[in-house]
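Just so you know, ligand 1 is whichever comes first in the structure, and atom 1 is the first atom listed for that ligand. What you are looking at is a predicted structure, and each value in this text was computed from that prediction instead of being measured. If you read the sequence from its start, that first residue is 1, and numbering goes on from there.
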Amino acid sequence: MELKKSGINTLCTHYGELEDPIYKGAVSPLYMSTSYAFEDVAVKRYPRYFNTPNQVALAKKIAALEHCEASLIFGSGMAAVSTAMLAFLSAGDHVVLQKTLYGGTYNFVVEELARFGISYTFTKGLAPNDFEAALQDNTKVIYIETPSNPLLTITDLKAVGVIAKKAGIVSMIDNTFASPVNQNPADFGIDVIIHSATKYMGGHSDICAGAVAASQAHIDQVFRLAKNFGGSLSDYTVWLLERSIKTMGIRVKAQNENAMEMATYLEAHPEVSKVYYPGLKSHPDHELAAAQMSGFGGMLSFELREGLNASAFQKALQLIKPSMSLAGIESTLLSPTLTSHALLSPEERKHQGIADGLIRFSVGIEEVDALQLDIDQAIKSLL
Ligand SMILES: *Cc1c(COP(=O)(O)O)cnc(C)c1O
């Protein structure tokens with residue numbers, strides 16, 4: 001049976017799994033060994049070489065989920081982001097980055113790249129010609145994130161893939177927000193796909209991990225650096241992550257449905273002035289999202305109407321947990337102004353479209369009735 005052509009839930013549950021030849025257990029055995037007998041001179045198994053049995057098995061699953069030839073699993077999303085970028089950039093090179101990026105990635109770029117002699121340009125906007133305009137003779141990488149954090153903007157995958165191919169450079173995406181359940185950028189010509197597996201792949205707010213998927217040739221290039229940087233993930237956590245990914249298809253689909261219902265509810269709410277969700281017809285890039293995503297995801301943002309205090313709103317919640325991070329089965333939310341984007345000046349936040357009343361909402365798998373009741377009672381307490 002050609003498992004690779006199966007549906008998402010069969011891939012999530014079974015693809016790449018290790019057999020237990022002795023006891024015929026239902027799940028992959030866990031090999032914690034850091035020392036393996038030489039099979040031959042060519043194969044030296046060692047965790048930091050990313051080739052232990054559990055690492056190899058899970059890497060196959062993640063590659064299949066992203067429609068790629070190969071993948072590597074890292075100790076965090078940022079280990080994946082930093083290793084992937086530096087694998088394709090050397091002193092004298094230039095990288096074009098999408099204007100709005102995950103905070104950790106933004107910090108990595110502005111705090112580290114210059115020291116390596118790598119220059120960068122953030123695009124002015126998100127239209128294809130904004131990426132083209134930022135290209136230089138020494139540009140080696142285009143880096144995007146769609147849907148983006150926190151305003152859920154959409155970047156055209158196909159257009160960016162074409163621009164990169166034409167320029168003969170590598171296109172890279174952080175596909176964390178969509179997850180492989182909702183978006184497979186390789187199908188649209190993007191070369192390197194990065195995940196913070198801390199988010200939807202882990203899905204239970206208890207694993208910190210990352211992954212990079214790409215062609216074998218690109219993964220070989222990432223591996224060269226990865227083994228020297230040493231950002232591999234412990235086999236125990238690799239095994240836990242495999243277990244988590246088994247339910248990713250059904251989790252994320254439930255979160256897609258809940259987010260759509262919550263976005264519709266919030267858009268109609270008199271005390272909410274704006275909702276950002278690519279699944280809504282009112283989203284400026286709804287059609288582009290529909291063309292390149294198979295589901296609209298579990299992340300949305302909304303603005304309380306002026307005069308309502310975002311911080312008091314969060315304190316009044318009883319079920320939804322105000323907290324950092326996202327993508328767990330439990331609903332969480334945060335105010336970018338008070339947390340992820342607190343270090344930006346008020347002008348810079350305004351420039352990025354982040355209002356003080358903006359709330360970023362990671363929708364979980366609870367019944368939507370319960371989520372709506374909680375938001376309603378929290379808003380009422382402010383009136
Ligand atoms: C969380 C996150 C990261 C960083 O991942 P860590 O596992 O925290 O290192 C990168 N990109 C996006 C979009 C994220 O949400």
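- Looking only at protein heavy atoms, the nearest one to atom 7 (O) of ligand 1 is Thr198 OG1, 2.6 Å.
- Polar contact with ligand 1: present for Met78 (N/O pair, distance under 3.5 Å).
- Annotation: Lys199 places an N or O atom under 3.5 Å from an N or O atom of ligand 1; distance criterion only.
- Regarding atom 5 (O) of ligand 1, its nearest protein heavy-atom neighbour is Ser196 OG, 2.9 Å.
- Using a cut-off of 4.0 Å between Lys/Arg side-chain N and Asp/Glu carboxylate O, Arg115 and Glu112 are scored as salt-bridged.
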Phe302 and Tyr277: CA distance, side-chain angles, deciding distance, ring-ring contact (aromatic ring centres under 6.0 Å, His included) verdict: CA-CA 9 Å; Phe302 62 96; Tyr277 185 63; over 10 Å; no
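- Distances below 4.0 Å separate heavy atoms of Ser76 from the following atoms of ligand 1: 7 (O), 9 (O).
- Residue contact check for ligand 1: Ala209 places a non-hydrogen atom closer than 4.0 Å to it.
- Regarding atom 6 (P) of ligand 1, its nearest protein heavy-atom neighbour is Gly77 N, 3.4 Å.
- Comparing heavy-atom distances from atom 11 (N) of ligand 1 across Thr176, Asp174, Val81, Leu326 singles out Asp174 as nearest.
- If you take CG on Asn129 and CD1 on Ile163, they are separated by 8.0 Å, rounding to the nearest 0.5 Å.
- In this structure, Val272 is a member of the same hydrophobic cluster as Leu317, with clusters built from ILVMFWY side-chain heavy atoms closer than 4.5 Å.
- Among all non-hydrogen protein atoms, the one lying nearest atom 3 (C) of ligand 1 is Tyr102 CE2, 3.2 Å.
- A centroid separation of less than 6.0 Å is found between the aromatic rings of Phe296 and His286.
- A salt bridge is absent between Lys61 and Glu17; no separation between the charged side-chain nitrogens and carboxylate oxygens falls under 4.0 Å.
- Rounding to the nearest 0.5 Å places OG1 of Thr146 at 4.0 Å from CD1 of Ile154.
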